Amino acid sequence: MALLTDLQTKILIGDGAMGTLLYSHGVDRCFEELNLSKPDDILNVHKAYLDAGADVIQTNTYGANYIKLSRYGLEDEVRAINRKAVQIAKQAAEGTSAYVLGTIGGVRAFKKGAYSLEDLRRNFREQLYLLLNEEPDGLLLETYYDLEEMKTVLEIARKETDLPIITNISLHEIGVLQDGTPLSDGLSQLEELGANVVGLNCRLGPYHMLSSLEEVPLPEKAFLSVYPNSSLPTIEEGRLVYGSGEKYFAESALAFRNQGARLIGGCCGTTPDHIRAMASALKGLPPVTEKKVKARKEEISIASAAERKYPPLQDIVKEKRSIIVELDPPKKLGIDKFLKGAKALQEAGIDALTLADNSLASPRISNAAMGSIVQQTHGIRSLIHITCRDRNLIGLQSHLMGLHTLGLTDVLAITGDPSKIGDFPGATSVYDLSSFDLISLIKQFNDGLSYSGKPLGEKTNFSVAAAFNPNVKYLDKAVKRLEKKIACGADYFISQPIYSEKQLIDVYEETKHLTVPVYIGIMPLTSSRNAEFIHNEIPGITLSDSIREKMANAGDDKEKSYQEGLAIAKNLIDAAFDLFYGIYLITPFLNYELTVELTNYIHKKESEATERKITHV
């Protein structure tokens with residue numbers, strides 16, 4: 001506990017970036033593995049920071065956990081890497097009064113859904129026990145953007161050890177965590193969970209960290225820490241370069257001291273020169289015991305400027321039969337046929353026109369543009385599909401803000417077909433977010449917060465659909481995914497097409513317990529060739545022999561094939577009619593006449609059912 005005793009009366013200097021020094025010498029791979037292959041290099045970095053005046057150094061174990069090491073095929077080296085890292089740091093500190101902290105970095109960044117809390121617990125425990133076995137002077141939990149992850153691992157660490165625990169969280173925006181929690185509240189929560197030192201590291205430079213700490217009172221039971229980046233990075237000849245000279249860091253160190261920080265180090269871009277400048281500036285100065293806290297400027301998230309033009313589909317389908325129809329935007333310029341189809345479907349009485357987002361990874365006219373046109377000119381509700389494939393986190397947020405501004409409030413969040421199956425197989429599939437993450441992001445927008453936690457100025461009012469693939473070997477596992485999507489905020493589901501009456505019953509039985517409705521997918525076949533493609537090349541979809549035979553018997557006669565495809569689809573509608581209130585019709589190849597006829601067929605069945613009820617009464 002000597003570290004905590006020192007912090008009561010002193011300002012301690014932390015070290016700077018390990019990776020920055022290694023990177024500057026041409027190392028651009030797994031830095032943690034160097035504990036084994038280049039231990040002298042790691043030892044020399046530690047000594048350089050100690051010589052610069054660091055009182056506290058951290059082990060080279062930021063990413064030395066199973067999840068992160070597995071990216072390099074090094075998951076079997078977790079034990080060896082962590083043990084060696086503590087031994088090297090202790091060797092460097094031998095003969096000095098410096099403290100050695102066992103470092104464990106955060107895993108979740110913006111792909112929150114990539115790892116469950118149980119995944120994170122298992123991952124954390126392994127590294128924690130390995131570090132504790134080597135008896136460091138304390139633990140440093142750093143670069144945690146996700147407060148939930150930080151709190152989860154802190155609770156584990158606090159139960160396992162009485163050593164000092166430093167918790168440094170990271171921000172995207174001044175004074176607010178990724179989930180919108182004010183920094184002061186987040187640090188207070190960590191203090192209550194047993195953190196001995198709470199503070200900030202990474203992502204932001206001194207300017208923004210100072211602005212953030214101005215709103216944070218001195219902790220009652222803990223101490224404040226701060227490890228800023230050198231600056232925002234730039235790219236020069238393909239390499240990351242950081243600015244901010246030593247004089248600026250010396251001045252910043254004094255400002256951090258005035259905000260109550262007692263453990264001050266550096267993160268990305270900092271070098272021994274930065275640490276030396278801070279140590280020199282703070283030498284002999286006592287920590288402050290009082291500070292004036294700047295009142296947080298409240299940015300109020302207000303309700304959307306306008307009410308929804310249409311009631312949410314999840315509400316409609318709970319009250320009556322509801323039909324939505326997919327009509328893909330054109331692959332070529334020219335939209336006359338599309339608009340004609342949209343108008344015909346509107347007149348048939350659909351509740352929404354759904355527009356795919358470059359389906360099958362092939363470029364089409366923007367679905368947002370087409371959706372805006374038909375909604376504004378024809379008064380047709382547009383349900384816009386959003387894939388994770390084509391946009392990074394920045395682009396997705398921009399897209400959502402654009403949809404909201406256009407009044408397009410109905411969306412379907414999906415992963416998206418990989419680029420390699422489309423017209424441009426060499427194009428990059430982004431997948432910054434999973435469909436789970438995208439659903440959560442959209443719901444966060446509905447709370448008026450961007451991904452970084454920064455207020456958007458007003459709340460969005462998106463109704464969020466999620467995709468359901470029932471064409472899998474184990475339907476119960478697919479339904480478990482639906483339950484996870486509901487937990488993320490999904491309002492209803494839209495299924496891929498089904499071609500079996502028995503499968504419709506199975507899907508109903510497996511999903512009837514869900515708290516949100518399901519629109520069941522039906523797509524008419526257009527030819528025998530179309531049927532064989534779906535049967536043989538679409539994963540998970542199997543057409544019965546009788547269906548394939550019927551389509552084959554239609555031969556090459558286009559009209560006869562269409563009629564046979566419609567007859568099959570109507571039989572499926574009959575089977576689904578009393579099981580699902582929501583029907584999702586998929587228009588094949590812009591042949592909207594087919595889905596118009598099926599829409600009319602559903603309305604006719606509904607009318608006949610209503611008449612029978614009235615007659616019966």
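What you see is a predicted model, and the numbers here were worked out from it, not measured in a lab.
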Find the distance between NE2 (His535) and CG (Leu525) and round it off to the nearest 0.5 Å. 12.0 Å

Ile67 and Asn123 have their tightest heavy-atom pair at N-OD1, 3.0 Å

Is the terminal nitrogen or CZ of Arg481 (NZ for Lys, CZ for Arg) located under 6.0 angstrom from the six-membered ring centre of Phe436 and within 45° of that ring's axis? no

Under a plain distance cut-off of 3.5 Å, with no hydrogens placed, do His603 and Glu608 share a side-chain donor-acceptor pair? no

Determine whether a donor-acceptor pair (N or O, by modelled atom type, separation under 3.5 Å) exists between the side chain of Thr595 and the backbone of Tyr592. yes

Consider only side-chain N and O atoms of Arg364 and Ser359, and report whether a donor and an acceptor are under 3.5 Å apart. yes

Side chains of Ser440 and Asp437: do they bring a donor and an acceptor to under 3.5 Å? no

Would the distance check show the side chain of Arg121 and the main-chain N or O of Ser116 forming a donor-acceptor pair, the cut-off being under 3.5 Å? no

Considering only NZ, NE, NH1 and NH2 on the basic side and carboxylate oxygens on the acidic side, decide whether Asp357 and Arg391 come within less than 4.0 Å. yes

Under the criterion ring-ring contact (aromatic ring centres under 6.0 Å, His included), which of Tyr492, Tyr584, Phe468 is the partner of Tyr519? Tyr492

Is there a donor-acceptor contact under 3.5 Å from the side chain of Asn530 to the main chain of Thr526? yes

Does NZ in Lys473 sit with more than 12 non-hydrogen atoms of other residues, nucleotides or ligands closer than 6.0 Å? no

Flag side-chain contact, heavy atom, 4.5 Å: Val107 against Tyr66: no

Using a distance-only test with no angle check, is there a side-chain donor-acceptor pair under 3.5 angstrom linking Tyr581 and Ser322? no

Side chain of Lys309, backbone of Gly379: donor and acceptor closer than 3.5 Å? no

Would you confirm whether Gln503, through its side chain, and Ile498, through its main-chain N or O, come within 3.5 Å as a donor-acceptor pair? no

Do Gln563 and Lys560 have a side chain donor and acceptor closer than 3.5 Å? no

Any donor-acceptor N or O pair under 3.5 Å, side chains Ser463, Gln314: yes

Assess, by modelled atom type and distance only, whether the side chains of Tyr115 and Asp146 contain a donor and an acceptor separated by less than 3.5 Å. no

Compute whether any side-chain donor of one residue and acceptor of the other, for Glu458 and His404, lie under 3.5 angstrom apart. yes

May I ask you to check whether over 12 heavy atoms, not counting those of Lys318, lie within 6.0 Å of atom NZ? yes

Say whether Thr409 and Asn461, considering side chains only, have a donor N or O and an acceptor N or O under 3.5 Å apart. no

Using modelled atom types and a 3.5 Å cut-off, is there a donor and acceptor pairing between side-chain atoms of Lys485 and backbone atoms of Ala467? yes

Within a radius of less than 6.0 Å around CG of Asp556, do more than 12 heavy atoms belonging to other residues, nucleotides or ligands occur? no

Measuring only between side-chain heavy atoms, which start at C-beta, is Glu326 closer than 4.5 Å to Pro497? no

Are any non-hydrogen side-chain atoms of Leu313 and Ile324 less than 4.5 angstrom apart? yes

Please check if any side-chain donor atom of Tyr310 sits under 3.5 Å from a side-chain acceptor atom of Asp351, or the reverse. no

Applying salt bridge (Lys or Arg N to Asp or Glu O under 4.0 Å) to Lys570 and Glu597, what does each step give before you reach the verdict? CA-CA 10 Å; Lys570 288 175 181 178; Glu597 182 168 338; 2.9 Å; yes

Would Ser184 and Glu215 satisfy side-chain hydrogen bond (donor to acceptor under 3.5 Å, both in side chains), going step by step from the backbone distance to the final call? CA-CA 7 Å; Ser184 57; Glu215 300 171 354; over 6 Å; no

